[in-house]
Amino acid sequence: GFDACLMATVDVAFTFADVAEYLVASEELEPGNGWDYSAWLRELSADPAMGGAKLGKLICDSYKSSADSRGEGGEITLSVTDLTKLQPLIEAYDAMGREALGKALNNPSFFSEFGRQASRSESYGGNNNQEGYTNMVDLGHLARNASALLPESRAAVTEALADCVIYRVNGIYRSQAGGLSCYY
């Protein structure tokens, strides 16, 4: 689990897939108070044999509840990714990249249009001159937005993402948060 900003990415999930079963992380910047440790640690101490999926859900729910109670819940994201189910997403994500590259080789304007779709996708972190640029976008939202451009890979990405992200919470201003972001 990462009580840190911008850690729910495909790259972070892939990095930890060989050493963990679940990833609990945020696509977006986290409020300063971060996770509500008292709430989920109390539950864990009462049931230390609970699995990672249940613990992840408790972390997400207590995080959202705590952020909402402080009026900071509008832009939060937090998800639980089952890393044992990540490989199909990695393969679909790679196929999406190959499809994009193939189309770009045949059509020099492809990346301009793909960039427009990426700019319409929900983005996280700073994305302006004042804050800097993280260039992180929600993977599922990007795949949906680019469905006409990438018809061969879009469905596999969204299906694999839905399969491995087993739980998520998000604020009302992060309605497209699918659980994992990617660098664009």
Side-chain angles (χ1 to χ4, degrees), residues 1-2 4-30 52-53 56 60 75-129 131-170 173-184:
F2 287 95
C5 304
L6 307 170
M7 298 304 290
T9 71
V10 173
D11 300 314
V12 169
F14 181 72
T15 299
F16 289 95
D18 289 341
V19 296
E21 291 181 34
Y22 298 96
L23 171 71
V24 180
S26 175
E27 291 181 87
E28 181 58 286
L29 301 173
E30 288 191 357
C60 287
E75 294 192 20
I76 65 157
T77 65
L78 201 65
S79 61
V80 181
T81 301
D82 183 339
L83 298 176
T84 68
K85 297 179 179 181
L86 187 67
Q87 192 57 39
L89 177 62
I90 297 303
E91 292 169 8
Y93 184 58
D94 286 347
M96 186 170 83
R98 284 190 304 277
E99 183 181 8
L101 182 58
K103 295 209 178 219
L105 291 173
N106 294 320
N107 178 0
S109 66
F110 170 82
F111 276 124
S112 294
E113 180 56 31
F114 189 65
R116 281 190 283 283
Q117 299 311 316
S119 71
R120 293 182 184 124
S121 299
E122 191 164 277
S123 64
Y124 306 107
N127 286 299
N128 58 53
N129 286 334
E131 295 176 331
Y133 293 88
T134 62
N135 299 312
M136 302 303 293
V137 298
D138 183 79
L139 177 58
H141 199 204
L142 175 62
R144 290 188 303 277
N145 284 346
S147 62
L149 295 172
L150 302 169
E152 296 170 24
S153 58
R154 188 245 353 131
V157 169
T158 56
E159 289 168 16
L161 183 65
D163 190 45
C164 69
V165 175
I166 60 169
Y167 191 74
R168 66 182 186 275
V169 295
N170 53 280
Y173 302 118
R174 292 292 174 245
S175 62
Q176 298 300 319
L180 290 173
S181 64
C182 63
Y183 179 80
Y184 178 81

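- Within 6.0 Å of atom OH in Tyr133, more than 12 heavy atoms from other residues, nucleotides or ligands are found, so the atom counts as buried in its surroundings.
- In this structure, SG in Cys182 is found 9.5 Å from CG in Leu89, a value given to the nearest 0.5 Å.
- Taking each heavy atom of Met136 and Thr9 in turn, the nearest pair found is CE-CG2, 3.3 Å.
- Atoms OG1 and CG, from Thr81 and Leu180 in turn, are 4.0 Å apart once rounded to the nearest 0.5 Å.
- Between Leu23 and Met7, the shortest heavy-atom distance links the atoms CD2-O, 4.5 Å.
- Put simply, CG on Leu139 and OG1 on Thr158 are 9.0 Å apart, with the number rounded to the nearest 0.5 Å.
- Between Leu78 and Ser26, the closest heavy-atom pair is CD1-N, 3.7 Å.
- Across all their heavy atoms, Ala177 and Arg168 have their closest contact at O-NE, 2.9 Å.
- Not one N or O on the side chain of Asp138 forms a donor-acceptor pair closer than 3.5 Å with the backbone of Glu122.
- When side chains are defined from C-beta on, Tyr22 counts as touching Asp82, because their heavy atoms get closer than 4.5 Å.
- Of the inter-residue distances, the one linking Asp11 atom CG with Ser181 atom OG reads 8.5 Å to the nearest 0.5 angstrom.
- Checking side-chain atoms of Ser123 against main-chain N and O of Ser119 turns up no donor-acceptor pair under 3.5 Å.
- Without hydrogens or angle criteria, Arg174 side chain to Glu28 main chain gives no donor-acceptor distance under 3.5 Å.
- Proximity of a side-chain donor or acceptor of Gln176 to a complementary backbone N or O of His141 within less than 3.5 Å is not detected.
- Distance check: Asn170 CG to Ser175 OG gives 7.0 Å after rounding to the nearest 0.5 Å.
- Under the 3.5 Å distance criterion, the side-chain polar atoms of Thr77 are matched with a main-chain donor or acceptor of Glu27.
- Between the side chain of Ser147 and the backbone N or O of Arg154 there is no donor-acceptor pair closer than 3.5 Å.
- Minimum interatomic distance between Leu142 and Ala118 (heavy atoms only, all atoms of both residues): CD1-CA, 3.6 Å.
- For the atom pair CG of Asn145 and CZ of Arg116, the computed distance is 13.0 Å after rounding to the nearest 0.5 Å.
- A heavy-atom distance below 4.5 Å is found between the side chains of Phe110 and Leu150.
- In this pair, Phe114 and Phe111 present their aromatic rings perpendicular. The plane angle is above 60°, beyond the 30 to 60° band.
- The two residues Leu86 and Ala17 have their closest heavy-atom pair at CD2-CB, 4.0 Å.
- Arg144 places none of its side-chain heavy atoms less than 4.5 Å from the side chain of Ser121.
- For the pair Ser153 (side chain) and Tyr93 (backbone), a donor-acceptor distance under 3.5 Å is absent.
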